[in-house]
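Below, chains carry the letters A, B, ... as their sequence lines are ordered, and counting in each starts from 1.
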Amino acid sequence: MLDPRLLRSDPDQLQQGLAKRGISLDLASLQSLDEKRRHWQQEMERLQSERNAQAKKIGKAKAAGEDVAPLLAAVSDLGDRLDAAKASAAEAQDAFQDTWLGLPNIPQSDVPAGENESENVEIRRWGTPKTFDFDVEDHVTLGERDARHGMAMDFAAATKLTGSRFVVMRGQMARLHRALIQFMLDEHTLQHGYEEVYVPYMVNDDSLMGTGQLPKFSEDLFKLEGEKPYYLIPTAEVPVTNLLRGEIVAAEQLPIQYACHTPCFRSEAGSHGRDTRGMIRQHQFEKVELVQFVHPKKSDEALVSLTQHAENILQKLELPYRVMQLCGGDMGASAARTIDLEVWLPSQECYREISSCSNFEDYQARRMQARWRNPETGKPELLHTLNGSGLAIGRTLVALLENGQQADGRVVLPEVLRPYLGGQIEL
RNA sequence: GGAGGGGUGGCAGAGCGGUUGAAUGCACCGGUCUUGAAAACCGGCGUAGGCUAAUAACCUACCCAGGGUUCGAAUCCCUGCCCCUCCGCCA
């Protein structure tokens, strides 16, 4: 949520910022909603103040043993007037809130305008895509080929068990998948200073509201049937960021850095027909997520280091990638700035997203009321929140298989994984 | 699943339907005293919204959440959520 005061203090910044996302804001109607809301709030509070004064008077009169009948008569219609004002105030508040809560974050000043990913800007590349002197296979072919213990990567089995966009892995493939999780968590906790957390994989709607998935993007989520209205998490961002919902932390505790592995569940509504083959786009996938809560003045540098932490994983895994600055229209609604990491996939001969690192500034924190106490003012102030994938496990597995493939069908894995694979680095 | 108890400020813990945003203690901040510290004493000490030049004053709301009764609710009623104890079941 944006600061509602922005509407009065700097409407131009609001309008121009959202324009970068391709949103043309009807400033006049929004301002009128805001004025209505404040007008009715003032009217309601005026009546409440009157009621309090009268009630106090009655109390005193009664205590003094006086006749309160005339006083009661004087307030007879106050209740009705107050109820009417309350109703109008609530209505005006809802009308404003509906619109306001739906507004995405304002992109930072140097975020390029643009409608979709075609207008993202490449910042840099790392590594050189390998040239193969044989026809490369994609990860599906490579994964399904190992028939020693049945298929190592078995999409048909998953379809039988559940449906499309799921996978079953066996043997060394399942082990490699697990190894990647361990490796990444170890790197982030031991090398990058993150604290590991374990969290619920189901959350309530308050949490989804806090990070911005609700109320607008419910179609992307799996909602559970049952008496509790829980949702499967679409990313660890939701439970981990909400750890600080409604909290006020001490300045010395900052920055707070959490690393968390969870499965992620996404309905992928609206992406029918996209990436239907293989593990690129699944309803269920594993991810190691990095989440930071920082001093509001330090979130820009925090995004740089968080991105570097994700890049370090790719570099240690020897996977070529490029770094993309997302344009306004391609960023998630809550983000003020997003940097994507895209890994090279030989079978597709292109770079594909494997990590998305965002600075949300105070947008999520305001929704969640996640704050720190500023020693200079003694007052609670909003934190800045950030997160990034470090990395998406399924896509990392895909990248390793495809980039490590050999002419004879073997897959050679990077040296760093050896300790996690019982000394082996080959599939 | 069954039976009972409870949710008040950072913590502990009072609170008859009426001047209670809420006693008291602890913690915390400032001051006096002290060479310094401790102790003692004095003062301060919640959050959000509105109004405003103001992070001043003032107004409003908030004692788990949402409804209700009343001129007036932390206090009475209903619903929900959460916590605790006992029994059953269980990884």
Revision key, fill the gap. Leu78(A) CG to C71(B) P, in whole Å, measures 11 Å
Exercise for review: Evaluate the ring planes of Trp372(A) and His295(A), with Trp represented by its six-membered ring, and classify them as parallel (under 30°), tilted (30 to 60°) or perpendicular (over 60°).
Suggested key: tilted
**Study point:** Gap separating the CG atom of Asp340(A) from the OG atom of Ser356(A), nearest 0.5 angstrom
**Key:** 4.0 Å
Exercise for review: With P as the reference atom in both, quote the distance from A57(B) to C64(B) in angstrom, rounded to an integer.
Suggested key: 28 Å
Point to revise | P spacing across the pair G9(B) / C62(B), given as an integer number of angstrom | key: 15 Å
**Study point:** Nearest-Å distance once atom C1' is located in both G21(B) and C78(B)
**Key:** 27 Å
**Study point:** Candidates A48(B), G50(B), C71(B) - which lies nearest the side chain of Gln42(A)
**Key:** G50(B)
**Study point:** Pairwise P distance for G25(B) and C45(B), with rounding to whole Å
**Key:** 15 Å
Review point. Can a donor-acceptor pair be found between the side chains of Asn52(A) and Ser49(A) at a distance below 3.5 Å?
Key: no
Exercise for review: Can you tell me the distance, in whole Å, between the CG atom of Asp83(A) and the P atom of G67(B)?
Suggested key: 12 Å
Exercise for review: Send over the distance from His39(A) NE2 to C51(B) P, rounded to a whole Å.
Suggested key: 12 Å
Check your understanding: So what does Arg8(A) hit on the nucleic acid, given a heavy-atom distance under 4.0 Å: a base, only sugar-phosphate, or nothing?
Key -> sugar-phosphate
Point to revise | Trp372(A) CH2 to U47(B) P, straight-line distance once rounded to whole Å | key: 14 Å
Exercise for review: Find which nucleotide of RNA chain B each of Leu72(A) and Ile248(A) is nearest to by heavy atoms, and output the residue with the more 5' nucleotide.
Suggested key: Ile248(A)
Check your understanding: Under 4.0 Å between a side-chain N/O of Lys86(A) and OP1 or OP2 of G67(B), yes or no?
Key -> no
Check your understanding: Does a side chain donor of either Thr385(A) or Gln364(A) reach within less than 3.5 Å of an acceptor in the other side chain?
Key -> yes
Point to revise | C33(B) to C42(B) separation - C1' atoms, rounded to the nearest Å | key: 11 Å
Exercise for review: Between C11(B) and G7(B), how far apart are the P atoms? Round to whole Å, please.
Suggested key: 15 Å
Point to revise | Sugar-phosphate, base or nothing in reach of Lys60(A), heavy atoms under 4.0 Å | key: base
Exercise for review: Show your reasoning for whether side chain to side chain donor-acceptor pair (under 3.5 Å) applies to Ser267(A) and Arg165(A).
Suggested key: CA-CA 10 Å; Ser267(A) 76; Arg165(A) 294 201 189 280; over 6 Å; no
Practice item. Please report, rounded to the nearest Å, how far the C1' atom of U19(B) is from the CD atom of Gln54(A). Key: 15 Å
Exercise for review: Can you check whether any acceptor in the base of G18(B) is under 3.5 Å from a donor in the side chain of Lys56(A), or vice versa?
Suggested key: no
Point to revise | Whole-Å gap separating C1' (C29(B)) and NZ (Lys379(A)) | key: 13 Å
**Study point:** salt_bridge(Arg281(A), Glu268(A)) N-O dist < 4.0 Å
**Key:** yes
Study note, to complete from the structure: In whole angstroms, the gap separating P of A73(B) from CD1 of Ile58(A) amounts to 12 Å
Protein-nucleotides 61-63 of chain B N/O pairs under 3.5 Å:
from   : atom 1 : to       : atom 2 : distance (Å)
A61(B) : OP1    : Arg51(A) : NH2    : 3.0
A61(B) : OP1    : Asn52(A) : ND2    : 3.4

Review point. Just checking, any donor-acceptor pair under 3.5 angstrom between side chains of Gln325(A) and Asp110(A)?
Key: no
Check your understanding: If you measure only the distance, is there a donor-acceptor pair under 3.5 Å linking the side chains of Asn312(A) and Gln308(A)?
Key -> yes
Practice item. Choose from C82(B), U19(B), C71(B) the nucleotide whose nearest atom is closest to any side-chain atom of Lys62(A). Key: C71(B)
Review point. Taking only side-chain nitrogens and oxygens of Arg373(A), does any of them come within less than 4.0 Å of OP1 or OP2 of G46(B)?
Key: no
Study note, to complete from the structure: Between CD of Glu43(A) and C1' of G50(B) the distance, given in whole Å, is 13 Å
Practice item. Sticking with atom C1', work out how far A73(B) lies from G15(B), rounded to a whole angstrom. Key: 13 Å
**Study point:** Complementary nucleotide for G43(B) - Watson-Crick or wobble, under 3.5 Å
**Key:** C29(B)
Practice item. Find which nucleotide of RNA chain B each of Tyr230(A) and Pro380(A) is nearest to by heavy atoms, and output the residue with the more 5' nucleotide. Key: Pro380(A)
Review point. Across all strands shown, which nucleotide pairs with G17(B) by Watson-Crick or G-U wobble geometry, both distances under 3.5 Å?
Key: none
Review point. Taking the C1' atom of each, how far is U47(B) from A22(B), in whole Å?
Key: 15 Å
Check your understanding: Just checking, any donor-acceptor pair under 3.5 angstrom between side chains of Gln315(A) and Tyr321(A)?
Key -> yes
Check your understanding: With sugar-phosphate meaning primed atoms plus P, OP1 and OP2, does Arg371(A) contact a base, only sugar-phosphate, or nothing at under 4.0 Å between heavy atoms?
Key -> sugar-phosphate
